[in-house]
Amino acid sequence: MKRLILKRLLQLGIILLSVSVAVFLLVNLAPGDPAYIKLSAQGETPTNERVEEERIAMGLDQPLHIQYFSWLGQVIQGDFGSSYRTDQPVINTLLKSFPYTLVLALAAFIVMLLISVPLGVLTAVKKNSLADYFIRVLSFFSASLPEFWLALILLYLFALQLKWLPVMGKGELKSMIIPAFSLGVVLSGKYIRQIRTALLEELDADYALGARTRGLTEKTVMYAHIMRNASISILTMLAMSFGALLGGTAVIENMFMWPGMGRMIVEAITWRDIPVIQGFALFMAGVYCLINLMVDLSYGLLDPRIKIRKESGQ
Amino acid sequence: MSEKRKNVQEIIFYGLLAATILIAIMVALANQIAPHDPLAVDYSMILQKPSAAYPFGTDNMGRCVLSRVIYGLRSSVAMALLITLISFTMGTFLGMVSGYYGRVVDTLIMRITDTLLAFPGLVICIAIVGIMGAGWKNVVIALAISGWVEYARVSRGMVLSLREKEFIKAARSSGCGRVRIMIVHILPNIFQQLLVIATFNIGHLILTFAGLAILGLGEQPPAPELGLMLSESKQFLQLAPWLMVYPGLVMFLVVMLFSLLGDCLRDRMNQKTSQ
């Protein structure tokens, strides 16, 4: 297990290093001179001399690889540079808005779990019944729903017509219900189907057949054997979706003025605040990869079969 | 599978295909079909309910919602097709090269895909468009950069398994060059599966395109764009809910259409291979 963890950490390191190169090179895509952009973001009308001074101050006159390594050295120490506009450290901006995105993603994730696990299990247990078809059609609908549209419909019904929920919030719990629900419902459409497939795949496994030939009822086989075996892989699949969800809240956040990462980044983009955009991309990639690594490793811990397979290098 | 069930599936498939063609014709002939100019402002007709002259009502500037939806759908579909075409071609080419040549080329291309896959959801697109500036051209570039990865991964995997098949060995021993083998012998064998992915992706791209527009990164007002229309509708939700209903409904139906079509294509392909 130790070797596996080390190997994974090394892989993670390599990926994050290439992510950092990509994020660094992103700036070179930017039309215009970063020094000029920085000065204008701070409200100056830059003259040529000022831009030239700033270029040297920012180290833009150095060769590209030297710029990269000095930038990387700072990033490793948690210094993502400072915002062009406010001169505040980027990391503070990120850490201020990240909890909001985390909470929203967590709430959406819980909604998704509460919908997709029971319904997914139900469709597998009652395979080809009326309930199965009905839920599958519904899940198909919800998977095609644009979550921002669903959010507007819910807003219209529950905030404007029924007046149960606030129209607009400032980051309090009640104003999170509609955004979280919309994200969760759309996501659950996809996972109901995947849970069903995961369970049905096990139906024909040798151990299920063995249990049946020993005279166990179909119900016992399903609940005591199949579900137990499939549960870990289902949980892993669901946990992996959480990382993706963190990167998928931006649109909803902006529609509902939720003060998370998605809202922060749009504001940064308006001001062409390049260090913040860079920091955002790097931070999100780091968090996403870390979550996936943890899920992957705990998968091995929970299921001894996987652990052995992975260690023998398969 | 029973004969009857198979027939039903055939009917559904051709029905979906017909619907897709109908939409294609509708958006291609947007100029003729749309009852009004999608940009024509008419302050005497502000926020009118759906009526015979304006089947989907009018917005806060008196513009015809139906016409805007038709034009919006046209730009969404065109964009999705353009991005799919670029990422399909690029991804398949790089994936095939990666799988067939192996070694350094493979490692390099796969490390690039790893890098792009390290960004969750929209993050990479937001970052690229954010730095290059808003507008549909940059959105196309950003979505193509993140979109080719899936095609590359899948085609690489298929090439790896095909490479050792008898017919490829036979082609090689009868003197076919690498390029010829890839284009004539491998590509036709992986094309169908890639087409299924492409079909699924079109719906997803339409949603992403709208999402980026809502973020202010895609099409800019006053362009008729489904996502923009939705985000503008929020202000008038109480007064004019139709502004929210129709663009969303159309987007929902089109996305569902493509995902149903993808499902059907996949089933047909699986049937063929299992026969």
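Chain letters run A, B, ... following the sequence lines, proteins first, then strands; residues in each count from 1.
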[X] versus chain B, heavy atoms under 4.5 Å apart: side chain, backbone, both or neither?
X: Glu147(A); result: neither
X: Val23(A); result: side chain
X: Val19(A); result: both
X: Leu246(A); result: neither
X: Ile153(A); result: both
X: Phe148(A); result: side chain
X: Ala22(A); result: side chain

Considering all heavy atoms of both residues, which atom of [X] and which atom of [Y] are nearest to each other, and what is their separation?
X: Leu26(A); Y: Ala127(B); value: CD2-CB, 3.8 Å
X: Ala118(B); Y: Tyr288(A); value: O-CD2, 3.2 Å
X: Gly247(A); Y: Val123(B); value: CA-CG2, 4.0 Å

[atom1]-[atom2] distance between [X] and [Y], expressed to the nearest 0.5 angstrom:
X: Leu215(B); Y: Asn254(A); atom1: CG; atom2: CG; result: 5.0 Å
X: Phe141(A); Y: Met256(B); atom1: CZ; atom2: CE; result: 4.5 Å
X: Met255(A); Y: Leu230(B); atom1: CE; atom2: CG; result: 6.0 Å
X: Leu237(B); Y: Leu160(A); atom1: CG; atom2: CG; result: 5.0 Å
X: Leu155(A); Y: Gln238(B); atom1: CG; atom2: CD; result: 10.0 Å
X: Asp273(A); Y: Ile131(B); atom1: CG; atom2: CD1; result: 10.0 Å

- request: Give, as side chain, backbone, both or neither, the part of Ile214(B) having an atom under 4.5 angstrom from any heavy atom of chain A.
  value: side chain

query: Can you tell which of Leu249(B), Leu117(B), Leu122(B) has the highest number of heavy-atom pairs within less than 4.5 Å of chain A?
result: Leu249(B)

message: Which one wins on heavy-atom pair count under 4.5 Å against chain A: Gly130(B), Gly121(B), Ala210(B)?
response: Gly130(B)

- prompt: Between Ser233(B) and Leu152(A), is a side-chain contact (heavy atoms from CB on, under 4.5 Å) present by the stated rule, with each step listed?
  reply: CA-CA 9 Å; Ser233(B) 78; Leu152(A) 285 176; 3.8 Å; yes

Atom [atom1] of residue position [X] - does it have more than 12 heavy atoms of other residues, nucleotides or ligands inside 6.0 Å?
X: Phe181(A); atom1: CZ; answer: no
X: Tyr36(A); atom1: OH; answer: no
X: Leu162(A); atom1: CG; answer: yes

query: Between Trp149(A) and Gly227(B), is there a donor-acceptor pair closer than 3.5 Å when you use the side chain of the first and the backbone of the second?
result: no

- prompt: Val245(B) and Tyr156(A): side-chain contact (heavy atoms from CB on, under 4.5 Å), yes or no, with the steps?
  reply: CA-CA 10 Å; Val245(B) 171; Tyr156(A) 179 71; over 6 Å; no

Partner residues of Asn292(A) under the side chain to side chain donor-acceptor pair (under 3.5 Å) criterion, sequence neighbours left out: none

- request: Start with the C-alpha gap between Phe252(B) and Leu150(A), add the side-chain angles, then the distance that decides, and say whether side-chain contact (heavy atoms from CB on, under 4.5 Å) holds.
  value: CA-CA 10 Å; Phe252(B) 168 54; Leu150(A) 179 62; over 6 Å; no

field: Student check: side-chain heavy atoms of Ile126(B) and Phe280(A) closer than 4.5 Å
entry: yes

query: Picking from Ala143(A), Ala281(A), Gly248(A), Gly243(A), which has the most non-hydrogen pairs under 4.5 angstrom with chain B?
result: Ala281(A)

